[in-house]
Student: 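I have a structure I would like to understand better, so I am pasting it below and will then ask my questions one at a time.
Atoms within a ligand are numbered from 1 in the order they appear, just like the ligands themselves. What's counted below: heavy atoms across the whole structure, side chains too, no hydrogens, waters or symmetry copies. Only a predicted model underlies this, so the values are computations on that prediction, with no experimental measurement involved.
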Amino acid sequence: MALITKAVKGTQDVLPSAVYENRFLERAMTDIAGKFGFNEIRTPVFEHTELFQRGVGGTTDVVQKEMYTFDDKGGRSITLRPEGTAGAMRAFLEHGLFNEAMPQKVCYVISCYRYEKPQTGRLREFHQFGVECFGASSPAADAEVIALADAIFDFIGIKNLRLEINSIGCPECRAKYHDALRSYFGSNKSGLCRTCNDRLERNPMRILDCKNSACSKTIAGAPVVTDFLCRECSEHFEGVKKRLDAMCIKYLENPRIVRGLDYYTRTVFEFVSDEIGAQGTVCGGGRYDGLAEELGGQHVPSLGFALGIERLLLLMRAQAVPVPQPEMCEIYIAAAGEAASIEAARIVNDLRLSGINSQTDVVGRSVKAQIKYADKINAVYSAVLGDSELQSGEILVKKMDDGETAKLGLENFTEEFLDLSIKHSRGAVAELIGSHDADISKFIGGFL
Ligand code: ATP
Ligand code: MG
């Protein structure tokens, strides 16, 4: 086969055999967010470029190097979203959601686009689960958002994730910190890469986020932001920590975390793993009290996080975290001959309308080949329908794993099959619950 093209570099197909993992995660995350009062919002994949220039920030790597930007046929500059916060905030402001009950708490599962060097945990199309809490300035909101991320990892069964937190202060304390950084890095210019030398004037905090190993030594000796926090920012940070302590959420204070957005204020945090290579940050978030005004809106103190779904999946695989299996074919009805095929079509349609995953032949295979197929797709039960079954009105149903059989009537097949299989499905539900921590089983309601 000579295919004319392949998937674009840095993009991934999720094949039918694996997609249940994504669906499980998407559902788990939105359901748990729902318990915390976060409701789903859907915004477009592309936006006007200026939204991200302003909403992510002109000094960030995302805006400077990573955006998929193009002119549409009307000559407007369009950008595929590199992240979800700017679009969600735009929608919040544009639709006047600030007139509704505040805070507005939203969540989303989105695809994002960044022109980066593809490697493990770094793609050009990737997916995020994100939450935003618009209109809450109290440390209680920060603690709640962090607790939500923590609850999600807990529910999924992830172990050994490190929560690192920091406060990067408000514009006032940050100005003093910027001065201190400029003077420190200014006298250590030779220990910085070219990009960081450029960053020195425009946004010296960006240097702390530099991945270039040449810079790390210099960065290690830089002043830390927490030494520059004003009283209000210190108290805010203390308030966040007290609540995390009260909820028994363990964290590490890391004064080096500054995060990617230009408009982050006060609390910033990351959930980091050492088990998935260099791209170990699975979730990152923080407060961005200045963003709404940056986009032309009023003052809306807000915060959120974004969790990288591909990185989470890498981590789940590294830790062999069990995921509930997708629904299988409950029964395969093999048909011998045209009359049997027609009756099989009626029976499986009836089963399906009653919510039972069932299959019959649609390619005209021999009975032997049909049973082989049933085995391949892991059908739980199988049955062969031929002339004698049509005549007697009864059919032998066989459990594929242990060969146990039962005779069921054709006329009320669905009801009789439901009675037979109920034992099996009870088993499956028990397995689903058993695969997760008992103390978080309260969240499982949504899955059944
Ligand atoms: P990094 O430092 O790894 O580049 P970032 O600070 O650019 O991350 P954010 O903008 O905070 O990342 O995005 C939130 C999360 O989205 C990250 O923690 C990560 O899990 C995921 N993510 C970011 N960029 C990519 C990518 N190119 N491919 C896959 N996942 C990504
Ligand atoms: Mg990045």
Side-chain angles (χ1 to χ4, degrees), residues 8-12 14 22 25-26 29 52 55-57 59-68 79-89 107-132 145-146 148-150 152-153 156 158 161-166 168 195 203 205-213 215-216 219 254 256-264 267-288 291 303-318:
V8 173
K9 189 175 166 190
T11 68
Q12 263 180 2
V14 183
N22 295 62
L25 284 183
E26 287 162 15
M29 295 189 291
F52 301 115
V56 177
T59 68
T60 59
D61 280 355
V62 170
V63 169
Q64 287 188 346
K65 302 188 251 176
E66 300 170 1
M67 295 205 304
Y68 277 89
T79 295
L80 301 185
R81 64 181 166 215
E83 54 91 57
T85 304
M89 178 60 99
C107 66
Y108 47 81
V109 181
I110 56 169
S111 57
C112 298
Y113 303 85
R114 295 186 193 177
Y115 196 78
E116 298 196 76
K117 191 165 166 250
Q119 53 200 288
T120 311
R122 199 175 287 293
L123 295 154
R124 289 180 175 173
E125 181 187 66
F126 62 98
H127 296 79
Q128 287 186 339
F129 171 75
V131 311
E132 316 292 346
V145 163
I146 294 173
L148 167 53
D150 189 68
I152 287 172
F153 291 125
I156 293 165
I158 299 291
L161 258 190
R162 198 166 59 248
L163 165 61
E164 300 188 357
I165 62 170
N166 190 23
I168 55 171
T195 325
N203 190 347
M205 266 170 82
R206 276 276 87 73
I207 298 174
L208 301 176
D209 217 13
C210 183
K211 306 246 167 21
N212 194 324
S213 54
C215 298
S216 20
I219 291 170
N254 179 355
R256 295 282 173 226
I257 305 180
V258 292
R259 306 278 318 131
L261 279 171
D262 268 1
Y263 303 106
Y264 272 115
T267 316
V268 288
F269 60 92
E270 292 182 347
F271 285 82
V272 189
S273 165
D274 297 324
E275 295 170 61
I276 52 170
Q279 273 59 248
T281 308
V282 180
C283 172
R287 178 168 278 288
Y288 45 87
L291 178 61
L303 81 156
F305 69 69
L307 190 161
I309 292 180
E310 286 82 2
R311 287 189 196 173
L312 177 55
L313 282 167
L314 284 175
L315 184 55
M316 287 166 72
R317 288 183 195 129

Student: When you compare the side chains of Glu132 and Tyr108, does any donor N or O come within less than 3.5 Å of an acceptor on the partner?
Tutor: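 Indeed, the side chains of Glu132 and Tyr108 share at least one donor-acceptor pair under 3.5 Å.
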Student: Take Glu83 and Arg114 through the salt bridge (charged side-chain N to carboxylate O under 4.0 Å, His left out) test and state the conclusion after the steps.
Tutor: CA-CA 9 Å; Glu83 54 91 57; Arg114 295 186 193 177; over 6 Å; no
Student: Can you tell me which portion of Arg259 lies within the under-4.0 Å heavy-atom range of ligand 1? Options are side chain, backbone, both, or neither.
Tutor: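 The answer is the side chain.
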Student: Tell me the contacting part of Leu312 for ligand 1: side chain, backbone, both, or neither, using a 4.0 Å heavy-atom threshold, strictly below.
Tutor: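 Contact part for Leu312 vs ligand 1: neither.
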Student: Backbone or side chain, does any N or O of Ala306 fall under 3.5 Å from an N or O of ligand 1?
Tutor: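 N/O-N/O distance under 3.5 Å: no.
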Student: According to side-chain contact (heavy atoms from CB on, under 4.5 Å), who are the partners of Arg317, at least two apart in sequence or on a separate chain?
Tutor: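 So Arg317 forms a side-chain contact (heavy atoms from CB on, under 4.5 Å) with Glu21, Leu313.
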Student: Ignoring hydrogens and angles, tell me if any N or O in the side chain of Arg287 forms a donor-acceptor pair with the backbone of Leu303 under 3.5 Å.
Tutor: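 No, Arg287 side chain to Leu303 backbone: no donor-acceptor pair under 3.5 Å.
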Student: Check ring-ring contact (aromatic ring centres under 6.0 Å, His included) between Phe153 and all other residues, then give those that pass, not counting sequence neighbours.
Tutor: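 Phe153 satisfies ring-ring contact (aromatic ring centres under 6.0 Å, His included) with Phe271 only.
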Student: Would you call Asp274 and Arg162 a salt bridge, taking side-chain N to carboxylate O under 4.0 Å as the test?
Tutor: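 Salt bridge: yes.
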Student: Do any nitrogen or oxygen atoms of Val282 come within less than 3.5 Å of a nitrogen or oxygen of ligand 1?
Tutor: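 So ligand 1 has an N or O lying under 3.5 Å from an N or O of Val282.
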Student: In terms of atom number and element, which parts of ligand 1 are under 4.0 angstrom from non-hydrogen atoms of Leu123?
Tutor: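 In order of numbering, the contacting atoms are 26 (C), 27 (N), 28 (N), 29 (C).
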Student: At under 4.0 Å between heavy atoms, is it the side chain or the backbone of Glu310 that contacts ligand 1, or both, or neither?
Tutor: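 Neither part.
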Student: On a heavy-atom basis, I'd like to know which of Thr281, Asp61, Leu307, Thr60 is closest to atom 18 (O) of ligand 1.
Tutor: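 The residue whose heavy atom sits nearest atom 18 (O) of ligand 1 is Thr281.
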Student: Is Arg311 close enough to touch ligand 1? Criterion: a residue heavy atom under 4.0 Å from a ligand atom.
Tutor: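 Within the 4.0 Å threshold, so yes.
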Student: In terms of relative ring orientation, are Phe129 and Phe305 parallel, tilted or perpendicular, with 30° and 60° separating the classes?
Tutor: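 Tilted, since the angle between the ring planes falls between 30° and 60°.
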Student: Side chain, backbone, both or neither: which applies to Arg114 and ligand 1 if a contact is any heavy-atom pair less than 4.0 Å apart?
Tutor: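 Contact part for Arg114 vs ligand 1: side chain (C-beta onward).
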Student: Is there side-chain contact between Val282 and Ile158, with at least one heavy-atom pair below 4.5 Å?
Tutor: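 A side-chain contact under 4.5 Å is absent here.
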Student: Looking only at heavy atoms of Gln279, does any of them come nearer than 4.0 Å to an atom of ligand 1?
Tutor: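 No; Gln279 lies far enough from ligand 1 that no heavy-atom distance drops under 4.0 Å.
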Student: Pick whichever of Gly308, Ser273, Gly121 has a heavy atom sitting closest to atom 29 (C) of ligand 1.
Tutor: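 The nearest heavy atom belongs to Gly121.
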